[in-house]
Amino acid sequence: FVGFIADLLGRSKSMILYVVTFLVGCVLMAWCPNQWVLLAGRIVVGFGVGIGSGLTNMFLAEVAPISIRGGIGMLYGVMITIGTLFSYLLSMPDVIGDGDLGWRLFLAFPIVPALYQTLVLLGCPESPRYLAFNKQDQSAALLSLSRYRCKVMKEEEESLRGSRKMVELRVLSLVELVSDPGHRLALVIGIGLHAAQQLSAINAVLSYAPEIFKQAEVGSPVVATVATGSVNVLTALVAAPLTDKLGRRLIMWVGLLLMVVAYGGLAISQACGTAWGCAGTWNGNVAMVSVFLFIAGFAGGAGSIPWLMVGELFVVEARGKASSICVGVNWICCLVSLFTYDSIQSGLHPYTFFFYMGIVLISFVFVVLFMPETRLKSPEEIRNEIIRQADKTFPFVF
């Protein structure tokens, strides 16, 4: 759905559409006279968030210079961490109140950044690649590119002038997307990265952080939860500029390994506290440090890199539909993770975190085997590299 909108209306207009949808949903939730209007507002906001999550990195990947494309793409993850931290702070009764006005203000607060984004998007030119490929208007594409650059690089200008013979290209159908080995492998890599992000149970860890700290007998679960949000923001801010210096693969590797170590700490702390009979005052400290370590590993790697990669793995004729599929898988896995956490916790307790550690280890192996390095490479170079990789990969793998 997102890809269809992006290819039909263009990137910038589609972004405005998603913000307007989000604004309508926020107004409905803040105003709601009953639970049905609140539910309707949540559904409308869900549509807006779903469209935006698919469009944002597609748009950023097409307008950012190659030299800083990684850092620009990682800003999406940075802003998510900042939003998460603000939601922690605003949800405190002492900050916004716990009466009828308090929760309405909480639900209305997102209107402020949404209005700002609307004003910014109204001044943003259309994606140069969209204009050159979808509209086949190289002159408009060059003009748009000049508005995004202080100085247009020769390579970018040549690309938009038709070095790829864009007039001979067209948006791929779903059948064409999955029947081409290169596109199919890129799609599997994108799906795998987004599945790894959510199946690592990050949303469960964030949602149940107060319970984790309470079970670990940490003095103030609320303060500890806000601290995890702060670590989330700081790690994402540090990782963003490093992505263009160290590469996507290395950042992803380090992040996943930190998550494995963190889950190991949580698993041992939980098992010692119940089954192994080795509980002590150290349990709370190990659990708290492990949560912080997990958040740091996730924010720097699995929390941001998949959003960046979905804008880099695909050439423009495949980007719309492929991005939609990857983002759809992300949200499906998010629901699966949240809905199954309680069942897994009750069924496997006190070995729950060993299970999640195994999932992250599988994700690490997948990244090592399949994820290409996209740093300082054009979409065409990445496409050719994936084609060569597909030729060396057994067909049943993808």
Side-chain angles (χ1 to χ4, degrees), residues 11 15 52-53 55-86 113 116-117 120 124 127-129 145 147-153 155-156 189-190 193-194 196-197 200 202 206 227-259 261-262 292-314 323 326 330 363-364 367-368 371-379 381-382 385:
R11 304 338 187 199
M15 293 279 287
S53 61
L55 281 171
T56 305
N57 278 284
M58 186 192 311
F59 182 67
L60 293 176
E62 292 184 354
V63 301
I66 291 179
S67 59
I68 59 171
R69 189 178 61 207
I72 295 295
M74 290 283 279
L75 287 178
Y76 179 77
V78 171
M79 297 312 297
I80 289 178
T81 63
I82 293 175
T84 302
L85 176 58
F86 267 98
Y116 168 77
Q117 187 173 2
V120 171
C124 285
S127 161
R129 282 188 168 269
L145 183 64
R147 294 182 62 187
Y148 282 111
R149 304 282 191 274
C150 294
K151 181 180 179 180
V152 178
M153 301 299 292
E155 294 80 3
E156 292 179 310
I189 294 170
L193 292 176
H194 279 272
Q197 180 188 91
S200 67
I202 175 59
L206 292 176
T228 61
S230 302
V231 171
N232 204 8
V233 172
L234 291 174
T235 307
L237 286 171
V238 171
L242 293 178
T243 308
D244 286 314
K245 295 181 179 179
L246 302 179
R248 285 62 156 157
R249 279 170 60 89
L250 179 59
I251 297 292
M252 191 72 173
W253 290 358
V254 172
L256 288 172
L257 289 176
L258 287 176
M259 291 164 65
V261 174
F292 289 153
L293 187 63
F294 181 89
I295 296 299
F298 182 86
S304 300
I305 296 294
W307 295 112
L308 168 63
M309 292 294 293
V310 78
E312 295 185 325
L313 285 171
F314 309 102
S323 298
C326 293
N330 184 289
S363 301
F364 177 78
V367 169
V368 170
M371 177 178 163
E373 180 54 69
T374 57
R375 172 178 171 266
L376 300 179
K377 296 177 182 177
S378 68
E381 291 173 325
I382 298 169
E385 182 177 329

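Residues take their numbers from the sequence shown, with the count starting at 1.
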Exercise. Could you give all pairs that pass the salt bridge (charged side-chain N to carboxylate O under 4.0 Å, His left out) test and reach residues 71-85, with sequence neighbours left out?
Worked result: none
Exercise. Could you give the distance from CZ (F86) to OG1 (T81), rounded to the nearest 0.5 Å?
Worked result: 11.0 Å
Exercise. What residue pairs, at least two apart or across chains, pass salt bridge (charged side-chain N to carboxylate O under 4.0 Å, His left out) with a residue in residues 55-71?
Worked result: R11-E62, E62-R319, R69-E312
Exercise. Step by step, would you call L234 with V238 a side-chain contact (heavy atoms from CB on, under 4.5 Å)?
Worked result: CA-CA 6 Å; L234 291 174; V238 171; 5.6 Å; no
Exercise. Considering the options L258, L256, L257, which one meets the side chain to side chain contact (heavy atoms under 4.5 Å, CB included) requirement together with V254?
Worked result: L258
For this session: Could I get the full list of salt bridge (Lys or Arg N to Asp or Glu O under 4.0 Å) partners for E385, not counting sequence neighbours?
Result: K377
For this session: Can you see which heavy atom on V231 is nearest to which on F292, and at what distance?
Result: CG1-O, 3.7 Å
Exercise. For L246, what residues pass the side chain to side chain contact (heavy atoms under 4.5 Å, CB included) criterion, not counting sequence neighbours?
Worked result: L242, L250, I251
Exercise. CE of M58 to CH2 of W307: how many Å apart, nearest 0.5 Å?
Worked result: 11.5 Å
For this session: Report the C-alpha distance between D244 and S67 in whole Å, list the side-chain angles of each, state the deciding distance to 0.1 Å, and finish with yes or no for side-chain contact (heavy atoms from CB on, under 4.5 Å).
Result: CA-CA 7 Å; D244 286 314; S67 59; over 6 Å; no
For this session: Of all the heavy-atom pairs spanning P241 and L237, show the shortest one and how long it is.
Result: CD-O, 3.1 Å
Problem set entry | Shortest non-hydrogen contact from N57 toward G73 | OD1-O, 3.3 Å
Problem set entry | Residue pair F294 / S200: nearest heavy atoms and the distance that separates them | CZ-O, 3.7 Å
For this session: Evaluate the criterion side-chain contact (heavy atoms from CB on, under 4.5 Å) for residue pair L75 and L60; output intermediate values, then yes/no.
Result: CA-CA 10 Å; L75 287 178; L60 293 176; 5.5 Å; no
Exercise. Roughly how far apart are I382 CD1 and T374 OG1, rounded to 0.5 Å?
Worked result: 5.0 Å
Seminar exercise, completed: Output for pair (L376 CG, I68 CD1), nearest 0.5 Å, gives 11.5 Å
Exercise. In chain order, what residues pass the side-chain hydrogen bond (donor to acceptor under 3.5 Å, both in side chains) check against N330, with sequence neighbours excluded?
Worked result: H194, Q197, Q198
Problem set entry | R375 side chain to R248 backbone, donor-acceptor under 3.5 Å | no
For this session: Show your reasoning for whether side-chain contact (heavy atoms from CB on, under 4.5 Å) applies to I202 and I295.
Result: CA-CA 8 Å; I202 175 59; I295 296 299; 3.9 Å; yes
Problem set entry | Nearest-0.5 Å distance that lies between atom OG in S304 and atom CD1 in I80 | 7.5 Å
Exercise. Taking all atoms of both residues into account, what is the closest heavy-atom pair of R149 and P65, and its distance?
Worked result: NH2-N, 3.6 Å
Exercise. Partners of K245 by salt bridge (Lys or Arg N to Asp or Glu O under 4.0 Å), sequence neighbours excluded?
Worked result: none
For this session: Please report the closest heavy-atom contact between V310 and C326, naming both atoms and the distance.
Result: CG2-CB, 3.6 Å
Problem set entry | Distance in Å, M252 CE paired with I305 CD1, rounded so as to fall on 0.5 Å steps | 7.0 Å
